[in-house]
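In what follows, every chain begins at residue 1, and chains take the letters A, B, ... in the order their sequences are listed.
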Amino acid sequence: MSGCPDSVIGGAPEPENVDISHIFDPLNDAQREAVGAAPGPVLVLAGAGSGKTRVLTYRIAYLVQALEVSPLSVLAVTFTNKAANEMRRRIEEMLGFSVRGMWIGTFHGLSHRLLRSHFEAAGLPDSFEILDADDQYRLIRRALRELSLDEGYWPPRQVQWFINSHKEEGRRSAGLESAADQQQQTLLRVYAHYESICQRLGLVDFAELLLRTLELLQNNEALCETYRERFQHVLVDEFQDTNAIQYRWLKLLAAPRNQITAVGDDDQSIYGWRGARVENMDLLQQDFPGTRIVRLEQNYRSTGNILKAANTVIDQNVGRLGKNLWTNGKAGAPVQLYAALDEIDEGRFVVDHVQEWQRQGHRRDSVAILYRSNAQSRVFEELLLAASVPYRVYGGLRFFERAEIKDALAYLRLVTNRESDPSFERVVNVPPRGIGARTVEAVRQQARTEGLSLWAAARALTATDIMPGRARSALTRFIDLVDTLAADCENLELAEQTDLVIARSGLIEHYRRERGEKALTRVENLEELVSAARNFGNESELPGETDLLTEFLAHAALEAGEGQAEAWEDCVQLMSLHSAKGLEFPLVFLCGLEEGLFPHQRSLDEPGGLEEERRLCYVGMTRAMQRLVLSWAEVRRLHGREHYTSPSRFLAEMPPELIEEIRVGISGRRRSAADLARDTVSPSGPTQACADGIQLGGRVQHARFGLGTVVMVEGQGEHARVQVRFERAGSKWLVLAYANLQPA
DNA sequence: GCGACATTGTTTTTT
DNA sequence: ACAATGTCGC
């Protein structure tokens, strides 16, 4: 018990005969303080690599073993399924027994569970269906169609963004009536219509899962009380990523005991663009008086140099909660910086160094290549392929998001619920069976006027002769097919049902007939779906009446699965900076450090955008354990165009003495990249007027590119270059001596 | 209804 | 550059 901090004394009574030294001994002081804090509101500011997950799992173990809290009284919330599974695994490992009854899951998963249990009180049919982002997009297009709004003027993506951001803030269309301008009015109409479609058809999108659950608890005091009674202790991971409803969700369930432990890092808040609110970290302290704050600042991951460089970068942000990571470890190698000629050169440099690393006896999966945007992966992939280095790209389509999988799931959905309009729309003519846009439109029309589901409308139409014979018989064939599938699926195992459906719907044959590699993987994916169904054991957390098929379909929506298979092989890891959060690698390449790419151009227009990019940079740098290599390319081909770039301002923000520049011997490159970066982004300095009326911030006219604004000036005399943001042609670097710019 | 061309929009994406 | 839609002719 030597490791037990004083703070525990005077907290909850501690059973005398329980030895909990195994909980406290492996921890440092700050970790102990967090783990053993007396029940009550606790906010753990956990820096990168400071043992955040560890604290969370140890705290749960502490609650259970030392305070004899029942595992059933614990609610642990994460953002990803992976994190939830990992946490459960680690808790069980520590406790030595299964905690199946413990509620550990994602906000969405736990909400889903509550909604299934109380669908009636939540105002949902028992057959309610979860829409993923893709389903939601399609449904929004349908809503636009039904309101006769032109997709050109009302891009579905923007409407989707509009709806989701309101939902994530907890705002229903009904509460938004007082919109000022015309455009808002219309968007609101679409939102309202979308809501009514969802309500009528029992469709629940991701944000709805949360909002609906919140409302369920708010409107049913007794129910809310039951869960508050049950969840005596609430714990949250990645708290900086919570949005407005998630916060309210937590607050509601944690009350009135307020025994909540939130772990997060404001410096790693990189999902602001998706509605995440770092402010929740301040809000928590206000809303839960007496919140105990614990800072975890000792980093166990990175070398001193890496950490120092990352700290210096993040230090440029204002309004941080304040934290400075330190390490006991070695300073390690300097951070390296390579200024590449172009993205190919950058790629070659990275691949060369990966191979060298490998020759030194390291595993390939100890290397990560990180980038701001996924498009950057291509060059690396090509070069790795050419060098025969196995790699794995994260991101992209995940298993349950693939078209063929969603097709198969749509058939399965129709089998259990004929009324599912999204599924009907999806597969009514897949594989092609002669039901074209015209026929489907007729069905939609019928459904709309009669207030029926597409299925019921189709059935009604086939009973009349208002439809052309050909279309009618095709539609009848489809209806019969689904009915037959449903009849034959009765009493079959889930895997058999899946197998039957993909075979008899003609899906697998359809893809088998198609040529090309793509079709081949599709067939494989469909076969994989059958195994996935077989492996979908009954780890059921849902109420008893929910059948396995319904559960499987919900699982598919809530856990999209991995992007690529063979994770077993020893592979170099390629991923975006966002995907890298939470991971660590001995060797990290952070690539494409150029203005406009990272920080991304579009982030600069948004308030707080640059700071979020900087946090992203911090996240990237702190992934590295032993070695961090940075790179940028002077020329980058993007979207088919060549761009002359300047180094990212983040490079200029790093301490020069920790950075080792690597250059190839190219004449004309005399200045260091970091210096160059400092100059190009520095608003001060002797850059203002550079030539006859052309100056930073001034308006200029170019013969080919038109009107623009000078945003950067660099060099002098005949070497002077300016960056101009053209109204139509985008951003360009131009050599003043040749560009013939006129002041405008 | 289906295959062939044109047009479009490309930051990040836990659920 | 490139994929993923949308429009057109058979």
(message) Roughly how many Å apart are C/dA4 and B/dT13, using the P atom of each and rounding to a whole number?
(response)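 Result for the P pair: 16 Å, nearest Å.
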(request) Take atom C1' in B/dT12 and the same atom in C/dT5, then report the distance between them in whole Å. (result)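 Those two atoms are separated by 22 Å.
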(request) Is it possible for you to check whether A/Arg116 lies under 6.0 Å from the centre of the six-membered ring of A/Phe128, through NZ or CZ, and within 45° of that ring's axis? (result)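 Checked: cation-pi criterion met.
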(message) Tell me whether the NZ or CZ atom of A/Arg402 lies within the 45° cone about the ring axis of A/Phe399 and under 6.0 Å from its centre.
(response)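 Here A/Arg402 fails the 6.0 Å and 45° test against A/Phe399.
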(request) Using salt bridge (charged side-chain N to carboxylate O under 4.0 Å, His left out) as the criterion, list what pairs up with A/Glu404, not counting sequence neighbours. (result)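 Here the qualifying residues are A/Arg522.
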Using a heavy-atom cut-off of 4.0 Å across all strands, would you classify [X] as base, sugar-phosphate, or nothing?
X	answer
A/Arg141	sugar-phosphate
A/Arg637	nothing
A/Gly640	base

(request) Going by the side chain to side chain contact (heavy atoms under 4.5 Å, CB included) test, name the single residue among A/Leu124, A/Leu203, A/Val204 that passes it with A/Cys198. (result)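 When side chain to side chain contact (heavy atoms under 4.5 Å, CB included) is applied between A/Cys198 and each of A/Leu124, A/Leu203, A/Val204, only A/Leu203 qualifies.
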(request) Would you mind reading off the distance between A/Ile140 atom CD1 and C/dT5 atom C1', rounded to a whole angstrom? (result)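 Going from CD1 in A/Ile140 over to C1' in C/dT5 covers 17 Å.
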(message) For A/Phe650 and A/Phe598, I'd like to know if the aromatic rings sit close, meaning centre-to-centre distance below 6.0 Å.
(response) yes
(request) Taking the six-membered ring for Trp and the single ring otherwise, decide whether the centroids of A/Phe79 and A/Phe239 are under 6.0 Å apart. (result) no
(request) Using a 4.0 Å cut-off on protein heavy atoms (strictly under), produce a 5'-to-3' string for nucleotides 9-15 of chain B with B for base contact, S for backbone-only sugar-phosphate contact, and - for none. (result) -BBBBBB
(message) Side chain of A/Arg438, heavy atoms from C-beta onward: which of B/dC2, C/dC2, B/dG1 has the nearest atom to it?
(response)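 Nearest nucleotide to the side chain: B/dG1.
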